[in-house]
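Presented below is the structure to which this report refers.
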Protein chains: 2
Amino acid sequence: MFKLSKTTDYGIVLMAELASDSSRATQNARELAASSELPVPMVSKVLKVLAKEGLLISQRGSKGGYSLAGEPDSMPVSEMIRVLEGPLALTDCALGPARCEHESGCAVREPWQQISRVVEQALAGITLADLVGGRVERSMNEMTSNMLQINRSPEANRPPQSEQR
Amino acid sequence: MFKLSKTTDYGIVLMAELASDSSRATQNARELAASSELPVPMVSKVLKVLAKEGLLISQRGSKGGYSLAGEPDSMPVSEMIRVLEGPLALTDCALGPARCEHESGCAVREPWQQISRVVEQALAGITLADLVGGRVERSMNEMTSNMLQINRSPEANRPPQSEQR
DNA sequence: TAAATATCGGACTCTTTCAGTCCTATATGC
DNA sequence: GCATATAGGACTGAAAGAGTCCGATATTTA
């Protein structure tokens, strides 16, 4: 149905939970499960992934737990999605060349790659700080109107720049 | 893995196939399967959905087949995705209120709704004509830079964190 | 009218992914 | 040493995905 997995959903909720209460820099899985009203084993599983991928710092043993590995405003949503969900690609062939067996016949391969990249950039422009600060709505509306306005321009001259990452 | 289903992928390829060859306004499932190198039963299944949803016009009987229901430049990608994939919602709670059982506790519900909407708008800004005309890349790059510029508002000034492993 | 050709509307199967649980090993604080 | 955490798996049931197939209906052509 073109939606994120629950794992990713939970992961971002948990990150937001950690970011929203700076008085408790480190919280363990049980505490986070309680405050987010999510099942403990699932929370534990997600936190492990986030720690392994470097978005959280884990502390073992008694008095242990998890804390953010960086500042919320330097943690883009696209990064959380990437580590929990895998690389963003709207279709298989958007993952790169030689992924699609119908190379020659497919006319929409390159557009898909571009579109995937745009979605990723949109998600890269929103950080954890935006989520907990409620700043998303305003910037989103401006963003949207600008996007539509630009894409509705029928003819324009192509700037020969291609941005790769 | 946060990607579209093959059904949707096929559907857009088929729409593009129909849009790219205006000399044959109507093509049947077998012809479209041949030109797109996709299995016939699957192509047939997808075309049925697109016709039922009003994106294609179907003609039964001998000499029958499918044709576009409108002009390619008035067929946004978001619409094709919606009819084949269902309503776009990155998470369950983005589908609307009363979808999430953790209403009071969840701090990121509204941001998710906004983010979903932005992704949808991004996809609404690209039409079938863009796909077959290869116009996507140019407008996409402009769009992206504008989105990022806008979102980099007041206090959030930082280079995007790019974490490689 | 009869035959050939297409779509229409399902049901159906097989496979893969998802969501969630559970267990053992290891590290840490007191 | 013991209680408490995370680390890293394996494991299961449920659900969605991908693809096939069949009978019914509509249309063209001979």
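The sequence lines fix the lettering, A, B, ..., with proteins before strands; numbering per chain opens at 1.
To the nearest 0.5 angstrom, B:Glu120 atom CD is 5.5 Å from B:Leu88 atom CG. Atom CE of B:Met80 and atom CG of B:Leu14 lie 11.5 Å apart (nearest 0.5 Å). Interatomic distance, B:Ile12 CD1 to B:Leu84 CG, rounded to the nearest 0.5 Å: 7.0 Å. The line from CD of A:Glu53 to CZ of A:Arg82 is 7.0 Å long, rounded to the nearest 0.5 Å.
To the nearest angstrom, C1' of D:dT12 lies 14 Å from CE of A:Met42. Across the protein-nucleic acid pair, B:Asn28 atom CG and D:dT28 atom C1' stand 14 Å apart, rounded to whole Å. Distance, A:Gln59 CD to D:dA3 P: 21 Å, rounded to whole Å. Computed from coordinates, the B:Lys6 NZ to D:dG19 C1' distance equals 11 Å when rounded to whole Å. Between the CZ atom of B:Phe2 and the C1' atom of D:dA16 there is a distance of 17 Å, given to the nearest Å. A straight line from NZ of B:Lys48 to P of D:dT25 spans 15 Å, rounded to a whole angstrom. In this structure, the CD atom of A:Glu53 is 14 Å from the C1' atom of D:dA7, given to the nearest Å.
Contact footprint of chain B on DNA chain C: nucleotides with an atom under 4.0 Å from a non-hydrogen protein atom, first to last in 5' to 3' order, C:dT5 to C:dC18.
Residue-level contact check: A:Ser44 touches neither bases nor backbone, having no heavy atom under 4.0 Å from any strand.
Between the side chain of A:Ser116 and the backbone N or O of A:Trp112 there is at least one donor-acceptor pair closer than 3.5 Å.
Checking B:Pro41 against B:Glu85, the closest nucleotide of DNA chain D that is more toward the 5' end is the one next to B:Glu85. Summary of the strand contacts: A:Lys63 and A:Leu4 both lie near DNA chain C, and taking for each the nucleotide with the nearest heavy atom, the more 5' one is attributed to A:Leu4. Between A:Leu47 and B:Arg60, the residue anchored nearer the 5' end of DNA chain D, judged by the nucleotide with its closest heavy atom, is A:Leu47.
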Kindly list each side-chain donor-acceptor pair under 3.5 angstrom involving residues 24-33 of chain B, sequence neighbours excluded, with atom names and distances?
{"from": "B:Arg24", "atom 1": "NE", "to": "B:Asp21", "atom 2": "OD2", "distance (Å)": "2.9"}
{"from": "B:Arg24", "atom 1": "NH2", "to": "B:Asp21", "atom 2": "OD2", "distance (Å)": "3.1"}
{"from": "B:Asn28", "atom 1": "OD1", "to": "B:Arg30", "atom 2": "N", "distance (Å)": "3.1"}
{"from": "B:Asn28", "atom 1": "OD1", "to": "B:Glu31", "atom 2": "N", "distance (Å)": "2.8"}
{"from": "B:Glu31", "atom 1": "OE1", "to": "B:Asn28", "atom 2": "N", "distance (Å)": "3.0"}

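Look at B:Tyr10 and you'll find a side-chain N or O under 4.0 angstrom from OP1 or OP2 of D:dG19.
One hydrophobic cluster, built from ILVMFWY side chains closer than 4.5 Å, cannot hold both B:Leu50 and B:Ile57; they sit in different ones.
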